[in-house]
Participant: 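Quick one: this structure, given as structure tokens, is what I'll be asking you about.
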Amino acid sequence: MKAVILNSGMGRRMGVLTKDHPKCMTELSPQETILGRQLNQLVNAGISDVVITTGLFDTVLMEYCHSLNLPLQITFIKNPVYDQTNYIYSLYSAKDHLHDDIILMHGDLVFENIVLDDLLEFPGSCMIVSSTAELPEKDFKAVVKDNQIRKIGIEFFDHALAAQPLYKLHQSEWELWLTKISEYCEAGNTGCYAENAFNEISDKCILYPLDIKNLLCSEIDTSGDLAVVSNRVADLAKKSVYMCFSTDVIHGGHINIINKAAKLGRLTIGILTDEVIASFKRFPILSFDDRKKIIQNIKGVIEVIPQNTLSYAENLRNLHPDYVVHGDEWRTGFQRPIRDEVIVVLQEYGGELIEYPYSIDRSYALLENRVRDQLAVPEARRGRLRKLLGMKKTVTVIEAHSGITGLIAENTTVLQDGKAYQFDGMWVSSLCDSTTKGKPDIELVDISSRMRTIDDIMEVTTKPIILDGDTGGLIEHFTYNIRTMERVGVSAVIIEDKIGLKKNSLFGTDVDQTQDTIENFSAKIAAGKRALKTKEFMLIARIESLILEKGMNDALIRAFAYVAAGADGIMIHSRKKDPTEIFTFCDIFREKDATTPLVVVPTSFNTVTEEEFSVHGVNIVIYANQLTRSGIPVMENVAKTILTHHRAKEADDVCMPISEILTLIPSNIFDDETR
Ligand code: SPV
Ligand code: MG
């Protein structure tokens, strides 16, 4: 692709402004001439070959172009009879250099960046027109029929649109036109427009109108034109643009959209904070600061600021950017409400949303999937719970006991008030793991079987896993088992301070349960910690004093003892509906210990919200059994319904359609472009 700029004209109507240089060197501002602007725009659009036709002041023009020091290969062709011919002859003079796809423009044309972008992206050969501009008396108009340009000239008014001499011409069309231009010139017909030649072959040389409506694209013929256009260019330079980025994998698609946005004005990029990303997407591999550094160093980015929520509203109301730029993929799916809100906020002050087609490049999707794969490896996965604790006030965790419940825990998203909510991790509960296997929750399901469940979940998910380690068993066994957990990429184990035949805590004192001594359990914690190889894995001690009605004091004494023994967190459990004892424990614990993470399992005290727990210093909220408990009654009912009706039809209403279950899980879960 070559650009051709026609600069052989004399520019007489500009008066003194063109007394010692060609019109294209007229200044739009002290920083920019018409030609300097055009050439920079071509460079930014990735065009490196330019042919410039010259005439009067050709040496001045050539020297000026060289002084700009742009990465352009410029061929200057002088029209030897510039003062007696029209630019049809300049094109004829340059024809040997023009056997290529061509961007053709007049040297006095000033246009905004997106006009050139749109022109380059247009699939066919085209000319710039405007359906909103008034038809000019003396300038070019294009006669458009059936969305094709039939005639170009100043004399046409019927079916005409205002047109500007800026074209993209594929070589096939351009060669037709150039041949006709040559015929004209060789017959001595050099006083007319090149467009006269086009008009004779417009049935073969298919040229489409590219409607730019109100975007700037104007020729400068007089000093009056210069004043108007210079003002518009100055206004354009003041425009501001906002985009938001959530990714840490920057690829060509991102750079393309940043390039486009930067051409619209001064570009500010909002970067989602780590916490926000972790709440709706995969866990960020690069920290906020690293992502900021990367984006800050991309050409065209003027400023980078944090965006603290998925909602753009706060930043838009602060910045009032003229444009928000985004890919059009957010018109559907979970981002749609965010887009709707952007539109409302932009309307408040007259901003505009500009959307570009979303490029679904398979290699980009593969790149993202590879990152996901990496997140699933033990080394990357293990430390993520600790990172989340540093990032979020409350980490929420839900029970998973199989691959599919793992996927539900991993992927379920709720969008509410401009925020996206997802669970941060998974709890592999002894109760649910045992129940799924049809066995009682008495440490009967052995560690090998528990690890199989974990493996099933790990194979299809990336989020951190907290294992319910029951009592941890014998110290001698625990020190082996904890290393197995650590090695496979579990993030934490919670062991409870009971010995003997463990029963589920929610039985409380209804069954015989024995609490371990502080000394023995502290020794188990210390031994477990010594056995660990990494600092990432967390050993959390669970206190059963409230369950076994041993009192608040006992619970607190144990909590501090376990922390002293090396516990990385404390889980306090209760089977009361009333959360008072949990709150009391947390409040007193926090008076002395501000940092050790506190964990709760609100199965009984389930009216308390995560926000309320957070007020009492709780860091991890585990929803320990809800997926298992909700699934079983539905399955039982369906079994009964089929038995009752001697057929399955009546059960269908509560069953997932076959078409959905077949497509629920992609054949290769880590190669799914839609995630
Ligand atoms: C589990 O989920 O197995 C637990 C929590 O240990 S609880 O059932 O409340 O004891
Ligand atoms: Mg349990």
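Every number for a ligand or one of its atoms is a count from 1 in the order of the listing.
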Participant: Going by an N to O cut-off under 4.0 Å, is there a salt bridge joining Lys392 and Asp274?
Facilitator: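 Not counted as a salt bridge, because no side-chain N and carboxylate O are separated by less than 4.0 Å.
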Participant: Tell me, yes or no, whether the heavy-atom count around Asp512 atom CG, taken from other residues, nucleotides or ligands under 6.0 Å, exceeds 12.
Facilitator: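 Count not over threshold, so no.
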Participant: How are the rings of Phe589 and Phe560 set relative to one another: parallel (under 30°), tilted (30 to 60°) or perpendicular (over 60°)?
Facilitator: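 The arrangement is parallel - the two ring planes meet at less than 30°.
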Participant: Are any non-hydrogen side-chain atoms of Met458 and Val490 less than 4.5 angstrom apart?
Facilitator: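 Counting from C-beta outward, Met458 and Val490 do come under 4.5 Å.
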Participant: Distance-only, no hydrogens or angles: does the Arg452 side chain make a donor-acceptor pair with backbone N or O of Ser448 under 3.5 Å?
Facilitator: no
Participant: Is there a donor-acceptor pair under 3.5 Å between the side chain of Lys502 and the backbone N or O of Thr471?
Facilitator: no
Participant: Keeping to distances under 2.8 Å, can you name the protein N/O/S atoms close to the Mg ion (ligand 2)?
Facilitator: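 Short answer, with waters excluded from the count: Ser430 OG, Asp468 OD2.
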Participant: With heavy-atom distances below 4.5 Å as the criterion, would you say the side chains of Leu556 and Lys592 are in contact?
Facilitator: no
Participant: Does the pair Asp433/Lys437 count as a salt bridge with the N-to-O cut at 4.0 Å?
Facilitator: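 Yes.
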Participant: Would you call Asp510 and Arg575 a salt bridge, using N to O less than 4.0 angstrom?
Facilitator: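 Salt bridge: yes.
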Participant: So which protein residues pack against ligand 1 under 4.0 Å, heavy atoms counted?
Facilitator: Trp427, Ser429, Ser430, Leu431, Asp468, Asn504, Ser505, Leu506, Arg542, His573, Ala624
